[in-house]
Amino acid sequence: MEHGIVNSVAYAKGRRVGEVELGQIRQFLEDPEVFIWIGLYEPDEDILRQIQQEFGLHDLAIEDAHSAHQRPKVEDYGDELFVVMRTAQMNEETHRVDFGETHIFVGARYVVSVRHGSTQSHTHIRARVEKTPHLLAQGPAFVLYALMDFIVDQYFPAIDALEQDLADLEDKVFSESFSRDTTATIYQLQRELLHIKHVVSPLVEMCNRLSRPGNQIIPEAGRLYFRDIYDHVVRVNEMIDTQRELLTTTLEATFSLISIGQNEVTRRFAAWAAIIALPTMVAGIYGMNFE
């Protein structure tokens, strides 16, 4: 396979026909029951241009797929859908969320997926859908569903890890080991959750568009699957909102505890000042009247 091409396979009636070289695409598509699914990972511009020529992909979509750094969206070019999704994966070493992008071109006879940044391979997705030929027989629309469903499912482990970090923070805030460095950690978690919120929020409208009638790429039988993704996206949004509210409450509690600590120190200084002031006053009064 060419550089940047992970997999390129033809399917007919839900069954794998065989691997496809770029120069063989038109040959395979002579069979009206065949569709082709090509998986790319950070391809160079030459590969994208070759695939564009073979499938007649829109120039604007190709430009977006090459440059990356796009917001999640669905573009309808009539006989072609262009879907952009952001991936999120917890990095075990840095314990931060790593974000990537997946761009998906979908037509009546093809699916082209382009990954940028994400280390999560789509190979096992392909293996899973190949085990359900009755569903794969629905064509490119089902492949689009499988890819989107996988990406959305990856949000849950990342959010669960952030939720555990939040629980650890709450323990620190209300324990004797609390320090002001905890405030910086709270702000870091807020940034992570805000970034995931920006990644997930557009998916609500995207799923609504894909599940509505009138789209010639998504058959009526396939719309139900995108409603299932919609339910998952709504759940992810609710989890993010809940954690953001808890973080805000934790931050307010942190400031309150810092204020209480400062007041406690002020009272201690005032008490010691009173104790020191008494002998000073006695010495001041009587020290000047006695030799």
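Residue indices begin at 1 and follow the sequence shown. The structure displayed is predicted, hence computed values, not measured ones.
Annotation: side chain to side chain donor-acceptor pair (under 3.5 Å) contacts involving residues 103-113, sequence neighbours excluded, comprise Glu101-His103. Sequence neighbours left out, the pairs with a member in residues 128-143 that pass side chain to side chain donor-acceptor pair (under 3.5 Å) are Tyr11-Glu130, Arg16-Glu130. Applying the salt bridge (charged side-chain N to carboxylate O under 4.0 Å, His left out) rule to pairs touching residues 202-224 yields Glu205-Arg212, sequence neighbours excluded. Counting only residues at least two apart or on different chains, the ring-ring contact (aromatic ring centres under 6.0 Å, His included) pairs with a member in residues 192-221 are Phe99-His195.
Interatomic distance, CG of Leu193 versus CD of Glu163, reported as 10.0 Å (0.5 Å rounding). Note that CD1 of Ile47 is 7.5 Å distant from CG of Leu40, once rounded to the nearest 0.5 Å. Separating the CD1 atom in Ile38 from the CD1 atom in Ile25 is a distance of 4.0 Å, to the nearest 0.5 Å. With rounding to the nearest 0.5 Å, the separation of CD1 in Ile62 from CG in Leu57 is 4.5 Å. Rounding to the nearest 0.5 angstrom, the gap separating the CG atom in Leu162 from the CD atom in Gln190 is 12.0 Å. Taking CG from Leu29 and CD1 from Ile36, the interatomic distance works out to 4.0 Å, rounded to the nearest 0.5 Å.
When side chains are defined from C-beta on, Val111 does not count as touching Leu144, because their heavy atoms never get closer than 4.5 Å. Residues Val114 and His116 have side chains in contact (heavy-atom distance under 4.5 Å, counting atoms from C-beta outward). Under the 4.5 Å side-chain criterion, counting only non-hydrogen atoms from C-beta, Glu75 is not in contact with Leu60. Counting heavy atoms from C-beta outward, Ile196 and Glu192 have side chains that stay 4.5 Å or more apart. Val20 places none of its side-chain heavy atoms less than 4.5 Å from the side chain of Gln27. Counting heavy atoms from C-beta on, the side chains of Leu210 and Leu81 come closer than 4.5 Å. When side chains are defined from C-beta on, Ile218 does not count as touching Val106, because their heavy atoms never get closer than 4.5 Å.
Checked by atom type and distance alone, the side chain of Glu19 never pairs as donor or acceptor with a backbone atom of Asn7 at under 3.5 Å.
With respect to Val143, the side chain to side chain contact (heavy atoms under 4.5 Å, CB included) criterion is satisfied by exactly one of Ile104, Leu135, Leu136: Leu136.
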Margin query: What verdict does the ring-ring contact (aromatic ring centres under 6.0 Å, His included) test give for His232 and Tyr155, after you've listed the backbone C-alpha separation in whole Å, the side-chain angles of each residue and the deciding distance to 0.1 Å?
Written below: CA-CA 10 Å; His232 291 179; Tyr155 297 147; over 10 Å; no
Margin query: Using the rule given for side chain to side chain donor-acceptor pair (under 3.5 Å), can you reason through Gln50 versus Asp46, listing the C-alpha separation, both sets of side-chain angles and the distance that settles it, and then say yes or no?
Written below: CA-CA 6 Å; Gln50 290 181 54; Asp46 290 340; over 6 Å; no
Item checked: Criterion side chain to side chain contact (heavy atoms under 4.5 Å, CB included) on Val6 and His122, from CA distance to verdict -> CA-CA 9 Å; Val6 180; His122 294 166; over 6 Å; no
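Qualifying ring pair (Phe, Tyr, Trp, His ring centres under 6.0 Å) partners for Tyr77, counting only residues two or more places apart in sequence or in other chains: His58. Scanning for side-chain contact (heavy atoms from CB on, under 4.5 Å) contacts around Lys197 gives Ser201, Asn237, Ile240, Asp241, Arg244, with sequence neighbours left out. Evaluation of the salt bridge (Lys or Arg N to Asp or Glu O under 4.0 Å) rule for Arg227 yields no partner, not counting sequence neighbours. In terms of the side-chain contact (heavy atoms from CB on, under 4.5 Å) criterion, residue partners of Asp64 (sequence neighbours excluded) are, by chain and number, Gln70, Lys73, Phe82. Under the salt bridge (Lys or Arg N to Asp or Glu O under 4.0 Å) criterion, Glu63 pairs with no residue, sequence neighbours left out. Judged as a salt bridge (Lys or Arg N to Asp or Glu O under 4.0 Å), and not counting sequence neighbours, the contacts of Glu45 are Arg49. Residues that satisfy the side-chain contact (heavy atoms from CB on, under 4.5 Å) test with Asn91, not counting sequence neighbours, are Glu93, Thr94, Asp98. With sequence neighbours excluded, the residues forming a side-chain contact (heavy atoms from CB on, under 4.5 Å) with Ile229 are Tyr145, Met148, Asp149, Val152, Cys207, Phe226, Val233, listed by chain and number.
Taking every heavy atom of both residues into account, Leu166 and Gln243 meet most closely at CD2-O, 4.0 Å. When every heavy atom of Ala61 is checked against every heavy atom of Glu80, the shortest pair comes out as CB-OE2, 3.9 Å. A pairwise comparison of heavy atoms in Ile217 and Ala141 identifies O-CB, 3.9 Å as the closest pair.
There is no path of hydrophobic side-chain contacts, each under 4.5 Å, that joins Leu194 to Met90.
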